[in-house]
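Notes to accompany the following structure.
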Amino acid sequence: MEIRTRFAPSPTGYMHIGNLRTALYAWLHARKNGGKFILRIEDTDQARLVEDSVRVIYESLRVTGLDHDEGPDKGGPVGPYVQSERRPVYREYADKLLASGHAYRCFCDKTEKQEEPAQGEDKPQEGGEEGGAPILGYDGRCSRLSEAEVRANLDKGLPFVVRQRIEKEGTTSFKDFIYGDITVDNKQLDDQILLKRDGFPTYNFANVVDDHLMGITHVMRGCEYLSSTPKYILLYKAFGWDYPEHIHLPHILGPSGKKLSKREGSVALSDFLNRGYLPEAVLNYIALLGWNPGTEQEYFTMPDLVKTFDVARIGKAPATFDEVKLAWLNGQHIKALPAEKAHELFAGFYPAGLESVDLKRLSAHIQGKVEKPCDIPQMVSFLAKLDEGYSPELFVNKKNKTTREGCLATLADLKPLLSGLPAWDYQAILDSLTAYAGGKGLKIGAVMWPLRIALSGQTVTPTGAVEIAELLGREEAVRRLDLGMGKLGAG
RNA sequence: GGCCCCUUCGUCUAGCGGCCUAGGACGCUGCCCUUUCAAGGCAGAGAUCACGGGUUCGAAUCCCGUAGGGGGCGCCA
């Protein structure tokens, strides 16, 4: 049988990184097995519709390359693929349940379930503790309405919802692909609402109907649905349908150990993209959150992932999102980029003031070093403008055994040397420095160090000292040399 | 609170009864590279496998309990 997976986001206005991982796994599972990947929009909450958010979904899938075979924009044999356009379908299936007694109309007020239990009748009794909270949200009173009472209410035009009728005897079990056998007592299962007062289905109902009608073979979703799945299983049974394979995914946690949320930092794909993370790096990273290939490989291109991915190697424990490791992986992906692509990526991050600098060359120089392009402005700002307040102590470096006096002498020698160079290019500068170091019996590092400090005013630079000199141009380089000597002389 | 799930270095993870004196990666520390700080290469520190009982000749791996964490209990998904 052909594998069919689906991604079913609701239009919230942004692509949550956790949802993206769900999409990725579903997509990988389909692609890996030559199946189909379907996009379905779950917009059944009229109060929460967000303008333009469907576009965000399409755009996210496009930029990440998670292409779908069927969906609202592409059509397909089992549409429509937008839940708000499927209302007659839900109505029809709710009626079936009503007719078979697996569902009933509930005329209770929205707030009624929150009332204190009246004169202590038909409350589920548990543990004998007085004042104990009810286990279920709804006490099921409308399930006991007679046919005549229902008719009367209907005639009065009372609004109602449709609830699932769940026998409170016995247990319900299913086998989750990741978590194994799950069994719950039916008395834990609420008579959940299937159809809301406004006629829209709840997620709880729509997901079952749609997954079945759309021929989904593998339901992949976050494990927050694990505890409600028994109710869905009962729905499948009520309809007499086989149920699909359930693959619940462990959560992605934020740094505090709570579910990844906006409070703790970035959760939207766009947040990462805006900072210069590559889509393939983000995908590579989140693929590893909860899944591993069983080998020591961590760097994956998308084709690699398709080849290697296997749902059997998805774990159970939640994973903490670590942006430091994401950044490292992003650096790996940046290194693998063709030079022009890297430059394109970096170009948007160069600050003003670099007009005199050959940016293409700069890009080539820093490509091996950039992890997050959003760091570029502060990495290269010294090229535009030297922070002249840097401390002369920076010239002292224990590894290269440099001292202030030594650096001063070196810079003093370097100035005429560089000023007199016939050509100003990387090789010429490097050769002259190498020759100078050789002649003085100095290690090259001992010459490069003071040059770097004088040219940049900082100990760590995104490129070598020679590249800096070249990028700066002779005039500015010599000016900075003078400035450095001034500092050392004065100190 | 009743219910469901989870628990191996700071973090992501390998491990599915003996190969584990627990392996890899990020991060951290040190060394090397002497076309340089960085990058790269190499090395090191870092986990009494949440805890307590069992089962077994033998347990991170199986069973039971405890603790901690998460989920969920919505006319949200």
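We name chains A, B, ... by the order of the sequence lines, and we start the count at 1 in each one. The figures that follow rest on heavy atoms only: side chains count, while hydrogens, waters and symmetry mates do not.
Considering only side-chain atoms of Arg452(A), the nucleotide from rC75(B), rG40(B), rU36(B) that sits closest is rU36(B). Picking from rG71(B), rA77(B), rU36(B) the nucleotide with the shortest atom distance to the side chain of Tyr203(A) gives rA77(B).
In this structure, Arg163(A) fails the cation-pi test against Tyr104(A), since its NZ or CZ atom is not both closer than 6.0 Å to the six-membered ring centre and inside 45 degrees of the ring normal.
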* Along nucleotides 22-27 of chain B, 5' to 3', which nucleotides get a B, which get an S, and which get a -, given that the test is a protein heavy-atom distance under 4.0 Å? -> -SBBSS
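Of the side-chain N and O atoms in Lys258(A), one or more sit less than 4.0 angstrom from OP1 or OP2 of rG70(B). Side-chain N/O atoms of Lys316(A) include none lying less than 4.0 angstrom from OP1 or OP2 on rG71(B). Using a 4.0 Å cut-off, some side-chain N or O of Thr320(A) falls inside it from OP1 or OP2 of rC12(B). Within the structure, every side-chain polar atom (N or O) of Lys231(A) is placed at least 4.0 Å from both OP1 and OP2 of rC73(B). Using a 4.0 Å cut-off, no side-chain N or O of Lys369(A) falls inside it from OP1 or OP2 of rC37(B). Contact check, Ser456(A) against rC37(B): no side-chain N or O comes under 4.0 Å of OP1 or OP2. Between Arg313(A) and rG15(B) there is a side-chain polar atom (N or O) within less than 4.0 angstrom of OP1 or OP2. Residue Asn292(A) places none of its side-chain N or O atoms closer than 4.0 Å to OP1 or OP2 of rU13(B).
For the salt bridge (charged side-chain N to carboxylate O under 4.0 Å, His left out) test, no residue two or more places apart in sequence or in another chain qualifies with Arg197(A). Residues satisfying the side-chain contact (heavy atoms from CB on, under 4.5 Å) test with Ile17(A), not counting sequence neighbours, are Leu20(A), Leu260(A), Phe272(A), Val282(A), Ile286(A), Phe321(A).
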